[in-house]
2 protein chains.
Amino acid sequence: MPARLSEVAALAGVHPATASRALNEATRNKVSADTVLKVRRAAEQLNYSPNPAARSLVTNRTSTVGVIIGDLTVPLFPPLLRGVDDVTSAAGYTALIVNTDNDWSRELARIAALQARRVDGLIVATATSGDQADPRIWSSVAPTVFVVRAPADPLAPTVLSDDSMGVHLAVEHLVAQGHRRIAHVAGPPEISTATARLRAYREALFERGIEVDPALVTTMDSISADAGTEALGRLLDSGAGVTAVLAFNDIVAYGCYRAVRQRGLRCPEDISIVGYSDMNGADLVAPPLTTVHVDHQAMGAEAARMLLGMLSDPGARPPHSVRLPVSLTVRESTAPPRQGVPR
Amino acid sequence: MPARLSEVAALAGVHPATASRALNEATRNKVSADTVLKVRRAAEQLNYSPNPAARSLVTNRTSTVGVIIGDLTVPLFPPLLRGVDDVTSAAGYTALIVNTDNDWSRELARIAALQARRVDGLIVATATSGDQADPRIWSSVAPTVFVVRAPADPLAPTVLSDDSMGVHLAVEHLVAQGHRRIAHVAGPPEISTATARLRAYREALFERGIEVDPALVTTMDSISADAGTEALGRLLDSGAGVTAVLAFNDIVAYGCYRAVRQRGLRCPEDISIVGYSDMNGADLVAPPLTTVHVDHQAMGAEAARMLLGMLSDPGARPPHSVRLPVSLTVRESTAPPRQGVPR
DNA sequence: CCACGCTGTGCAAACGCTTGCGGCGGCGAC
DNA sequence: GTCGCCGCCGCAAGCGTTTGCACAGCGTGG
């Protein structure tokens with residue numbers, strides 16, 4: 001049972017109100033220097049820590065932020081949460097993390113729970129669900145910033161990674177190795193990043209004067225290794241003569257590995273494959289995966305900083321969205337195309 | 001800005017105290033049935049949800065539990081948290097999740113933060129750090145249950161998985177396929193699960209009348225794919241004639257894959273490999289990994305249930321620890337040993 | 001020398017809820 | 001018919017903070 005403020009005040013020989021002012025950064029200047037010292041010593045001696053319930057009852061703020069994610073087991077989320085946690089906890093905030101299972105009704109329920117907890121702010125990272133939903137659903141609860149996903153309202157504060165840059169890097173790498181027949185295994189068009197990457201893929205090829213052959217892109221209707229296997233399988237069997245593949249993400253890339261193996265081909269000798277995300281373990285598969293590295297921890301940290309900024313002066317207009325740069329991690333799943341491969 | 005209880009009471013035409021009793025499960029029987037109805041309707045109409053700060057100020061409980069984990073990016077934690085979250089949120093509790101980076105000083109800091117937040121209970125899942133630490137460090141903060149890790153105090157409430165069972169299943173599987181020279185790539189002895197699995201490995205071989213050859217076990221001093229590659233590499237080069245390997249966990253198994261490939265051998269044709277944990281993605285590697293499946297979500301859920309039980313009647317003696325069963329997921333990294341392999 | 005401002009502190013209210021206590025009926029038992 | 005009990009409800013205290021306001025003391029400028 002921790003000490004109360006009144007006990008600290010008594011030990012320091014001052015009124016509780018004075019002790020409160022002495023301990024609170026913002027009001028410390030209203031108290032004489034040696035009183036501050038006495039109070040801090042007393043607080044330390046009694047191992048005082050303020051009761052957050054009592055405090056938030058009067059301040060009407062909880063120093064908590066809600067973080068809404070789809071599925072924690074998706075490898076991009078843990079580092080993202082680390083980023084969020086690093087900056088929020090440094091600022092004295094606590095992150096309340098909720099899973100939605102990518103289920104919209106469940107998401108609504110968890111939003112209600114966060115509202116009941118009176119969170120001061122919201123970080124929304126549900127990549128798929130409710131993409132058409134009105135952002136007011138979240139912002140009516142508390143100031144919110146979106147991360148990873150692009151909200152329906154383009155003006156809402158958002159932290160994204162630069163999909164276009166990532167795809168350009170990947171394509172550039174493949175082209176530099178001599179590839180011309182570069183396929184793309186794309187995600188379903190409902191997902192904003194899927195369309196962004198597809199667009200960037202076409203752009204990147206076009207800019208390099210390479211024919212953009214519609215036969216080289218295949219669209220999955222869900223994102224999984226199996227879908228990747230199936231999609232690339234079709235492409236391989238179509239005789240389109242692909243020598244390299246840009247997969248929607250790493251998981252899909254693993255599926256592509258399988259499709260290649262199933263046909264007795266080898267990666268990277270016969271087919272080069274590049275993934276996207278650089279998820280945990282991408283260096284452990286065989287061959288280690290060349291992939292676009294996105295720093296999800298930095299994205300989480302940036303989103304948290306943005307949110308805390310909004311909380312610190314609610315009057316200011318919302319910050320502008322940012323798009324963080326990415327890099328290419330070259331491993332062993334890409335190599336120059338074999339001579340004489342069918343065009 | 002949500003409604004207050006007094007507003008609900010006014011709308012229902014009763015005193016706030018009555019409204020409180022009508023809304024609170026435990027005190028509902030002190031109120032007439034139709035008053036309850038009126039109050040609930042009013043609450044629903046005003047979209048009332050009680051202010052947790054005000055409530056916990058008087059009840060002296062926060063309906064939050066702290067969950068302490070080492071590193072969220074370790075794949076066993078996300079499902080574990082899902083299990084915890086499922087049962088805590090169903091009971092109206094909120095889980096506060098903190099990362100320690102497996103750093104003891106950081107862990108102490110985060111414990112202090114949780115204490116400052118007045119968590120009602122603690123779930124401790126830091127697998128490695130502070131294994132020698134006095135469990136009172138946690139239980140002085142709040143009732144705590146340990147999960148995944150074995151605390152220094154064997155009487156502390158704990159949820160573990162049955163390492164012995166897992167190893168027995170794995171060894172049984174290999175023996176049934178005809179293996180006799182089964183190696184074990186063991187974890188460092190500081191880690192309680194490492195010694196438990198090593199012991200079980202010896203036991204399992206012994207029970208089946210197979211020679212327990214010390215030359216077949218090699219101990220890593222850290223747990224990583226690289227350490228696994230190196231450890232199994234030594235074993236393979238030693239000429240001990242191994243035909244199968246039980247790795248400490250899946251990550252280490254991936255390292256073993258590499259060691260096998262580096263020597264021009266093939267898995268499973270030349271060497272069978274079995275992992276431990278069945279982490280996310282174990283079905284995606286090549287070959288898909290045969291591994292001991294442990295249901296971390298169930299462990300998290302069980303730990304949470306245990307903790308909530310302790311919270312619901314603080315008087316009762318702490319629950320006894322449990323050890324959850326595991327299963328073997330057979331994939332394609334194991335096969336009968338090749339004829340003529342050196343004994 | 002007075003009035004005024006300023007600094008440091010105390011006082012008390014307020015935040016929104018729970019809960020012990022007491023009162024007021026109504027009903028059953030004698 | 002009276003008494004007692006019990007079910008239902010209102011009253012008010014109190015949880016541990018923060019903060020507007022008042023006030024005391026003191027230095028300063030006119």
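So that the names make sense, note that chain A is the first sequence line, chain B the second, and so on, each numbered from 1.
- Ranked by how close their nearest DNA chain D nucleotide is to the 5' end, A:Arg55 and B:Val14 are led by B:Val14.
- Of all nucleotides in DNA chain C having an atom under 4.0 Å from a heavy atom of chain B, the first and last in 5' to 3' order are C:dG16 to C:dG20.
- Looking at A:Asn51, its side chain never comes within 3.5 Å of a backbone N or O of A:Arg4 through a donor-acceptor pair.
- Between B:Ser49 and A:Arg118, the side chains place a donor N or O and an acceptor N or O closer than 3.5 Å (distance only, hydrogens not considered).
- Across all their heavy atoms, A:Pro319 and A:Met310 have their closest contact at CD-CG, 3.5 Å.
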N/O donor-acceptor pairs under 3.5 Å from side chains in residues 108-116 of chain B, not counting sequence neighbours:
unit_1	atom_1	unit_2	atom_2	d
B:Arg110	NH1	A:Asp85	OD2	3.3

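- Contact check on B:Arg41 versus B:Glu44 returns no salt bridge, with no Lys/Arg side-chain nitrogen under 4.0 Å from an Asp/Glu carboxylate oxygen.
- When the salt bridge (charged side-chain N to carboxylate O under 4.0 Å, His left out) test is applied to A:Arg40, no partner is found at least two apart in sequence or on another chain.
- Note: A:Leu160 CG to A:Asp162 CG = 9.0 Å, rounded to the nearest 0.5 Å.
- Each end of the helix from C:dC1-D:dG30 to C:dC30-D:dG1 gets its own axis from five base pairs, and the two axes differ in direction by 50°, given to 10 degrees.
- Under 4.0 Å is where a charged nitrogen must lie from a carboxylate oxygen, and between B:Asp101 and B:Arg106 at least one such pair does.
- The main-chain N or O of A:Thr126 is found under 3.5 Å from a side-chain atom of A:Arg149 such that the two form a donor-acceptor pair.
- Taking a 4.0 Å limit (strictly below) on heavy-atom distances, residues 19-45 of chain A reaches DNA chain C at A:Arg21, A:Asn29, A:Lys30, A:Val31, A:Ser32, A:Thr35.
- B:Asp120 places no side-chain N or O within donor-acceptor distance of the main-chain N or O of B:Val65, the cut-off being under 3.5 Å.
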task: Take B:Val74 and B:Phe77 through the side-chain contact (heavy atoms from CB on, under 4.5 Å) test and state the conclusion after the steps.
output: CA-CA 6 Å; B:Val74 172; B:Phe77 288 121; 3.8 Å; yes
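- With a cutoff of under 4.0 Å to any heavy atom of chain B, the contacted region of DNA chain D is bounded 5' to 3' by D:dC8 to D:dG16.
- When only modelled atom types and interatomic distance are considered, A:Ser32 and A:Thr35 share a side-chain donor-acceptor pair under 3.5 Å.
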query: For B:Asp86 and B:Arg82, what are the C-alpha separation, side-chain angles and deciding distance, and is it a salt bridge (charged side-chain N to carboxylate O under 4.0 Å, His left out)?
result: CA-CA 6 Å; B:Asp86 283 350; B:Arg82 275 304 306 273; 3.4 Å; yes
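- Of the two residues near DNA chain D, A:Arg4 and B:His15, the one whose nearest nucleotide lies more 5' is B:His15.
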